[in-house]
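So you know, we letter chains A, B, ... as the sequences are listed, proteins then strands, and number each from 1. We use all heavy atoms of the structure for the numbers below, so side chains are in, but hydrogens, waters and symmetry mates are not.
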Protein chains: 2
Amino acid sequence: MDDSEHICADSTCLGDRVRHLPSEDSIYSMCRIFNALQCTTRLKILFLLLQGDLCVKAIEDALGLTQSAISHSLKNLRQLDLVRVRKEGRFAVYYIADQHVELLMSMCREHVEEVK
Amino acid sequence: MDDSEHICADSTCLGDRVRHLPSEDSIYSMCRIFNALQCTTRLKILFLLLQGDLCVKAIEDALGLTQSAISHSLKNLRQLDLVRVRKEGRFAVYYIADQHVELLMSMCREHVEEVK
DNA sequence: TAAACATATGAACATATGTTCATATATCAA
DNA sequence: TTGATATATGAACATATGTTCATATGTTTA
């Protein structure tokens, strides 16, 4: 990779930059995360849960979507460790996994609401 | 929407929560953003640009992808105001639009590299 | 002006994904 | 145990999306 070919601002150390990229594994994992967040249903679920833990039925009623759609969405979010579950009797109570998720959402929200 | 139906932790004010959700417009815009970030190619482009501005050819060489693929990806990122362009002679120099983008990426990176 | 270079973009195809439908499992109430 | 409630999940279909191919536009050099 010969950097000198590019008469282009700040491109003098292209090789270094490539080496500083996140690992393939990290890139892939991040894509999976963003992929989960790219769906209105899952995004709404997360914004609901940011306000406090909820069982599946409550999410269903809040968003007016079918039980199956919600459950599939929650499975996706769960598998990526964006949300977690605890059982309370016959209820499955979902909650936001950690603070990164919260910050991810607020960064994005600020971006779109500011640009708007 | 009758909250009292749900014998579920912290679901006493479901209606309020729904009202506190971001607007449909915001949700949709956020989905578009996350959708852009859900692709390895665009994610790599952004991580490259986080290290400094680059022209299209440089990105192409750095990632070893076709000119067309890179250009389509850049168009997507551009339309969402995640990156911006300035013309320098015959080169189109791309750069990260603002700090929200930077924070979005680092939040996600921390999440996956920590969980790992 | 002609040739080479840098970038953009529409069409098309193959793959990925969200929702619905049907059904399964588990818990609680009677 | 029976019925009702809460949740999970596989299959299938319709839609969305990334890449490639072909081609167009604009800029620089000779």
Side-chain angles (χ1 to χ4, degrees), chain A residues 2-9 11 14 27-28 31-46 49 53-80 83-95, chain B residues 2-9 11 14 27-28 31-46 49 53-80 83-95:
Chain A
D2 182 4
D3 306 344
S4 61
E5 283 176 9
H6 309 293
I7 318 160
C8 176
S11 71
L14 202 52
I27 290 282
Y28 180 73
C31 284
R32 299 291 303 164
I33 301 281
F34 286 128
N35 175 67
L37 302 178
Q38 145 256 38
C39 155
T40 56
T41 299
R42 288 189 294 257
L43 216 46
K44 287 178 186 174
I45 291 176
L46 289 175
L49 294 181
D53 310 356
L54 285 176
C55 68
V56 181
K57 188 63 167 60
I59 299 172
E60 202 184 316
D61 289 351
L63 301 184
L65 297 171
T66 69
Q67 183 272 318
S68 186
I70 299 288
S71 190
H72 278 297
S73 292
L74 286 170
K75 181 180 186 179
N76 184 332
L77 295 171
R78 215 172 50 217
Q79 288 175 327
L80 296 168
V83 303
R84 292 177 188 155
V85 212
R86 64 171 180 273
K87 280 294 251 174
E88 287 191 8
R90 55 178 159 167
F91 297 96
V93 179
Y94 281 81
Y95 57 98
Chain B
D2 183 4
D3 307 346
S4 60
E5 284 176 9
H6 309 293
I7 320 158
C8 177
S11 70
L14 203 51
I27 290 283
Y28 179 74
C31 284
R32 301 289 305 163
I33 302 280
F34 286 128
N35 176 67
L37 302 178
Q38 144 254 40
C39 153
T40 55
T41 298
R42 288 189 293 257
L43 215 46
K44 287 178 186 174
I45 291 176
L46 289 175
L49 294 181
D53 309 357
L54 284 175
C55 67
V56 180
K57 188 65 167 63
I59 299 173
E60 202 183 318
D61 289 352
L63 300 184
L65 297 171
T66 69
Q67 184 271 320
S68 187
I70 299 288
S71 188
H72 278 297
S73 292
L74 286 170
K75 182 181 186 178
N76 184 332
L77 295 171
R78 214 172 51 217
Q79 288 176 328
L80 295 168
V83 303
R84 292 176 187 155
V85 211
R86 63 171 180 274
K87 281 293 252 173
E88 288 190 8
R90 56 178 158 169
F91 296 96
V93 180
Y94 280 82
Y95 57 98

Exercise. How many angstroms lie between atom OH of B/Tyr94 and atom CD1 of B/Ile59, to the nearest 0.5 angstrom?
Worked result: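 These two atoms lie 8.0 Å from each other.
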Seminar exercise, completed: Whichever of A/Gly89 and A/Leu65 has the more 5' nearest nucleotide on DNA chain C, that residue is A/Leu65
Exercise. Taking the nucleotide of DNA chain C with the closest heavy atom to each, which residue, A/Asn76 or B/Ala69, is nearer the 5' end?
Worked result: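 Mapping each residue to its closest nucleotide by heavy atoms, the 5'-most match is B/Ala69.
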Exercise. Do the side chains of A/Val83 and A/Ile45 get nearer than 4.5 Å, heavy atoms only?
Worked result: no
Please tabulate, for the side chains in residues 35-43 of chain A, all donor-acceptor contacts under 3.5 angstrom to protein atoms that are two or more places apart in sequence or on a different chain.
{"unit_1": "A/Asn35", "atom_1": "OD1", "unit_2": "B/Gln38", "atom_2": "NE2", "d": "3.1"}
{"unit_1": "A/Gln38", "atom_1": "NE2", "unit_2": "B/Asn35", "atom_2": "OD1", "d": "3.1"}
{"unit_1": "A/Arg42", "atom_1": "NE", "unit_2": "A/Ala36", "atom_2": "O", "d": "2.7"}
{"unit_1": "A/Arg42", "atom_1": "NH2", "unit_2": "A/Asn35", "atom_2": "O", "d": "3.4"}

Between [X] ([atom1]) and [N] ([atom2]), how many Å, whole number?
| X | N | atom1 | atom2 | result |
| --- | --- | --- | --- | --- |
| A/Arg86 | D/dA6 | CZ | P | 17 Å |
| A/Ile70 | D/dA6 | CD1 | P | 14 Å |
| B/Lys44 | D/dG18 | NZ | P | 15 Å |
| A/Lys87 | C/dT25 | NZ | P | 15 Å |
| B/Phe91 | D/dG26 | CZ | C1' | 13 Å |
| B/Lys57 | C/dA8 | NZ | P | 14 Å |
| A/Leu77 | D/dT9 | CG | C1' | 16 Å |
| B/Leu74 | D/dT19 | CG | C1' | 14 Å |

Can you figure out which of [options] approaches the side chain of [X] most closely?
| X | options | result |
| --- | --- | --- |
| A/Cys39 | D/dT7, C/dT19, C/dC5 | C/dT19 |
| B/Ser71 | D/dT7, C/dC21, C/dA8 | C/dA8 |
| B/Arg90 | D/dT27, D/dT7, D/dT20 | D/dT27 |
| A/Ser68 | D/dC21, C/dG18, D/dG10 | D/dG10 |
| A/Lys75 | D/dT9, C/dC5, D/dA6 | D/dT9 |

All N/O contacts under 3.5 Å from nucleotides 12-17 of chain C to the protein, with atom names and distances to one decimal?
none

Exercise. Hey, is the side chain of A/Thr66 poking within less than 4.0 Å of OP1 or OP2 on C/dT19, counting only N and O atoms?
Worked result: no
For this session: Using only side-chain N and O atoms of B/Tyr94, determine if any of them is under 4.0 Å from OP1 or OP2 of C/dA8.
Result: yes
Exercise. In terms of the nearest nucleotide of DNA chain D, which residue is placed more toward the 5' end: A/Arg78 or B/Thr40?
Worked result: A/Arg78
Problem set entry | For the student: nearest non-hydrogen atoms of A/Glu60 and A/Thr66, plus distance |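 Shortest heavy-atom contact: CG-C, 4.2 Å.
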Problem set entry | Where A/Ile70 and A/Leu63 come nearest, the two heavy atoms and their spacing |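 In this case the closest contact between A/Ile70 and A/Leu63 is CD1-CD1, 4.3 Å.
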Problem set entry | Worked check of side-chain contact (heavy atoms from CB on, under 4.5 Å) between A/Leu77 and A/Leu49 | CA-CA 12 Å; A/Leu77 295 171; A/Leu49 294 181; 5.9 Å; no
Exercise. Judged by modelled atom types alone, do A/Tyr95 and A/Arg86 share a side-chain donor-acceptor pair under 3.5 Å?
Worked result: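 Not at all, the side chains of A/Tyr95 and A/Arg86 share no donor-acceptor pair under 3.5 Å.
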For this session: Determine, stepwise, if the pair B/His72 / B/Asn76 fulfils side-chain contact (heavy atoms from CB on, under 4.5 Å).
Result: CA-CA 6 Å; B/His72 278 297; B/Asn76 184 332; over 6 Å; no
For this session: Check whether the aromatic ring of B/His72 stacks on the base of C/dT9, taking stacking as ring centres less than 5.5 Å apart and planes within 30° of each other.
Result: yes
Exercise. Is there a donor on the side chain of A/Gln67 or the base of D/dA8 sitting less than 3.5 Å from an acceptor on the other?
Worked result: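 Answer yes: a donor N or O sits under 3.5 Å from an acceptor.
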